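A, B, ... follow the sequence lines: proteins, then strands. Residue 1 opens every chain. For the numbers below, each heavy atom of this structure counts, side chains included, while hydrogens, waters and symmetry mates do not. No experiment lies behind these values; they were computed from the predicted model shown.
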2 protein chains.
Amino acid sequence: MSRSTLVLPERPKLPASGGGPMPFEPACAIFRRYLRGQKLKFTPERAMILDAALRREGLFSADMLVVDLRSAGRVSRATVYRTLTHLHDAGILKQVFFDNRQSYFEVLTHGQHNDYLISVEDGRVIEFRSDKLARLLDEICQEHGFKRAGHQLHLYGTQAE
Amino acid sequence: MSRSTLVLPERPKLPASGGGPMPFEPACAIFRRYLRGQKLKFTPERAMILDAALRREGLFSADMLVVDLRSAGRVSRATVYRTLTHLHDAGILKQVFFDNRQSYFEVLTHGQHNDYLISVEDGRVIEFRSDKLARLLDEICQEHGFKRAGHQLHLYGTQAE
DNA sequence: CTGATTGCAAACACTTTGCAGCAGA
DNA sequence: TCTGCTGCAAAGTGTTTGCAATCAG
């Protein structure tokens with residue numbers, strides 16, 4: 001009884017961790033290239049969703065995008081979800097899981113804050129980035145015979161008085 | 001438009017990160033003490049759920065416990081969820097989020113593997129622990145004026161050939 | 001005895017999906 | 001034209017909750 005190796009039911013969506021193929025190339029061009037490569041189409045809805053995501057700073061949920069898009073011409077929730085998946089696969093977004101309710105996204109082209117410090121007191125999320133950490137993670141992967149493809153770190157802390 | 005500080009809708013459930021109050025004290029005693037302190041009751045169902053969790057090695061989901069418990073005398077899914085919350089609050093379990101579907105738990109008293117290396121190829125989860133990492137995380141928290149209360153790290157990697 | 005607990009089923013919240021009509025390339 | 005795309009509503013999935021009966025302390 002009881003196994004010691006868990007295998008996730010779904011293939012993990014790896015969070016690209018910076019250094020991707022898009023340091024300065026505009027996200028829109030990356031997206032179009034990705035879509036073309038997959039024989040998918042660049043529609044006005046997809047353009048609007050990408051635009052809304054790019055306007056966001058920091059983390060956002062699918063629902064926040066839906067709300068943002070209500071002002072400009074209305075996109076259905078289903079399309080937002082479908083497009084977020086494509087944006088993720090194109091390496092433009094990173095998907096983050098803080099709890100078992102909704103997931104959050106972050107534009108990878110924006111800044112380089114890939115890690116999160118969450119205040120236990122009020123749920124505030126502070127984004128940061130540490131090169132020292134990245135190096136250590138590479139090291140750890142190597143020790144286990146892996147090559148790092150991405151990571152997700154949530155630090156929880158209480159305000160030091 | 002667009003805020004840059006996300007505030008999670010629910011207060012985060014902080015994942016106690018080792019060094020808690022229970023290096024060798026039996027989990028059952030910890031749980032009874034916790035329950036008494038909260039004026040809650042130690043019922044046969046709660047005992048069975050704790051027992052099933054302790055028998056598990058590594059990560060498990062709520063559903064896995066429900067299945068484990070079918071053999072011994074049946075506990076309802078609702079009670080399993082309710083009890084998992086208490087076990088978490090008592091510091092006996094850690095809750096882990098790999099995706100937006102279900103959450104996983106891990107007994108904190110068991111080993112000290114608090115971090116996860118996920119194989120992108122097959123979804124396998126390898127548990128590990130790094131003291132060097134813990135120290136670095138403390139450092140990072142300090143830099144931001146926080147005191148570390150826990151953390152969650154998911155490393156994604158591809159098998160290095 | 002009294003308030004906490006249980007199982008059940010219904011409710012929830014977020015996400016995914018089937019389908020008929022629409023529209024890029 | 002020929003796929004792929006969209007919106008809608010329905011279905012899914014893991015988790016939570018209201019309630020009446022039950023039980024621990």
* Would you check if there is a donor-acceptor pair between the side chains of B:D115 and B:H151 at a distance under 3.5 Å? => yes
Of the nucleotides [options], which one has an atom closest to the side chain of [X]?
X: A:Y81; options: C:dT6, D:dT3, C:dT16; result: C:dT16
X: A:L40; options: D:dG25, D:dG4, D:dG14; result: D:dG4
X: B:K41; options: D:dG7, C:dT15, D:dA24; result: D:dA24
X: B:S76; options: D:dT15, D:dG7, C:dC8; result: C:dC8
X: B:R77; options: D:dT15, C:dG7, D:dT6; result: D:dT15
X: A:A78; options: D:dC8, C:dT6, D:dT6; result: D:dC8
X: A:N100; options: D:dT15, C:dT15, D:dG4; result: D:dT15

Distance, rounded to the nearest Å, where [X] contributes [atom1] and [N] contributes [atom2]:
X: B:F42; N: C:dG3; atom1: CZ; atom2: P; result: 23 Å
X: A:Y104; N: C:dT15; atom1: OH; atom2: C1'; result: 14 Å
X: B:R33; N: D:dG25; atom1: CZ; atom2: C1'; result: 19 Å
X: B:R36; N: D:dA24; atom1: CZ; atom2: P; result: 16 Å
X: A:H86; N: D:dC5; atom1: NE2; atom2: P; result: 6 Å
X: B:I49; N: C:dG7; atom1: CD1; atom2: C1'; result: 12 Å
X: A:D99; N: C:dC14; atom1: CG; atom2: P; result: 9 Å
X: B:Q38; N: C:dG3; atom1: CD; atom2: P; result: 18 Å

Taking only side-chain N and O atoms of [X], does any of them lie within less than 4.0 angstrom of OP1 or OP2 on [N]?
X: A:T79; N: D:dG7; result: yes
X: B:S61; N: D:dG14; result: no
X: A:R46; N: D:dT6; result: yes

* Got a salt bridge between B:D131 and B:R129, using NZ or NE/NH1/NH2 to carboxylate O under 4.0 Å? -> yes
* In terms of side-chain geometry, is the basic nitrogen of A:K132 or B:E139 positioned less than 4.0 Å from the acidic oxygen of its partner? -> yes
* To do: Select from A:V80 and B:F105 the residue whose nearest nucleotide in DNA chain D is closer to the 5' end of that strand.
  =>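 So the residue in question is A:V80.
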* Asked: Are A:F128 and B:L136 connected in the hydrophobic side-chain network, where two residues link if heavy atoms are under 4.5 Å apart?
  -> yes
* Is B:V80 reachable from B:L35 through a run of hydrophobic residues whose side-chain heavy atoms are each under 4.5 Å from the next? -> yes
Name the nucleic acid region contacted by [X], choosing base, sugar-phosphate or nothing; use a 4.0 angstrom heavy-atom cut-off, strictly under.
X: B:S103; answer: sugar-phosphate
X: A:R82; answer: base
X: A:R74; answer: sugar-phosphate

* Structure fact -> Residue pair B:P44/B:R101 against DNA chain C: nearer the 5' end by closest nucleotide is B:P44
* Spatial distance of atom NE2 (A:H86) from atom CG (A:L93) [nearest 0.5 Å] -> 12.5 Å
